[in-house]
Amino acid sequence: MEERKTATYEITSEAGGNRYRFYCDVSGALVCITKPYHADTPKEELILAWEKEGRQHFNKCRKCGKWIIDAVYNPVVFECTDCAPFEYETRYCKSCGAKINVDAGERFCPVCKKKLHYEGG
Ligand SMILES: [Zn+2]
Ligand SMILES: [Zn+2]
């Protein structure tokens, strides 16, 4: 599979150049609209708009290579929620390695009774 260099995009032409609208590959949400860019070739122009403005808004799925926003990014495994749905997410106690049922909302490890620390709260 060819690696995706940018997220899904649409181009809006203007007098000063082309504006790029970047979309999340999984949710389809419009993530950012760039200022107008102009370059010698369409390819250079796209990369310019992407590097300067688009890219910072996205995460990349390590598995499928899609560019995605935080809402559909599973930071525990660095994959999109298509590849790693939140409901199948598995976590382990950092103290003793016990498997934790995240759905149960446990705050303390059932095995060693230490407080659990999750990324992002
Ligand atoms: Zn993915
Ligand atoms: Zn534990």
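Residue numbers count from 1 along this sequence. Given the structure is predicted, the values throughout are model-derived calculations rather than measurements. Just so you know, ligand 1 is whichever comes first in the structure, and atom 1 is the first atom listed for that ligand.
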*Asks:* List-wise, which protein N, O or S atoms are found short of 2.8 Å from the Zn ion (ligand 1)?
*Replies:*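 Less than 2.8 Å away from the Zn ion (ligand 1) sit C61 SG, C64 SG, C80 SG, C83 SG.
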*Asks:* Compute whether any side-chain donor of one residue and acceptor of the other, for Y23 and E10, lie under 3.5 angstrom apart.
*Replies:*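 A pair is found: one side chain offers a donor N or O, the other an acceptor, under 3.5 Å apart.
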*Asks:* Quick one: closest heavy-atom pair of Y37 and K52, and the distance?
*Replies:*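 Looks like OH-CB, 3.2 Å.
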*Asks:* Given the Zn ion (ligand 2) as the apex, I'd like the angle to SG of C109 and SG of C112, rounded to 10 degrees.
*Replies:*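 Here the angle at the metal atom is close to 100°, to 10°.
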*Asks:* I need the minimum non-hydrogen distance between S95 and K114, along with the two atoms involved.
*Replies:*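 Nearest pair, atom of S95 first, then K114: OG-CD, 3.3 Å.
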*Asks:* Under 30°, 30 to 60°, or over 60°: which ring-plane class applies to F58 and W67, parallel, tilted or perpendicular?
*Replies:*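 It falls in the perpendicular class, over 60°.
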*Asks:* Which atoms form the tightest heavy-atom contact between Y73 and T81, and what is the distance?
*Replies:*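 Looking at all heavy atoms of both residues, the shortest contact is N-CG2, 4.3 Å.
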*Asks:* Taking all non-hydrogen atoms of both residues, which atom of K35 and which atom of R19 are closest, and how far apart?
*Replies:*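 Closest approach of K35 to R19, heavy atoms only: CA-NH1, 3.6 Å.
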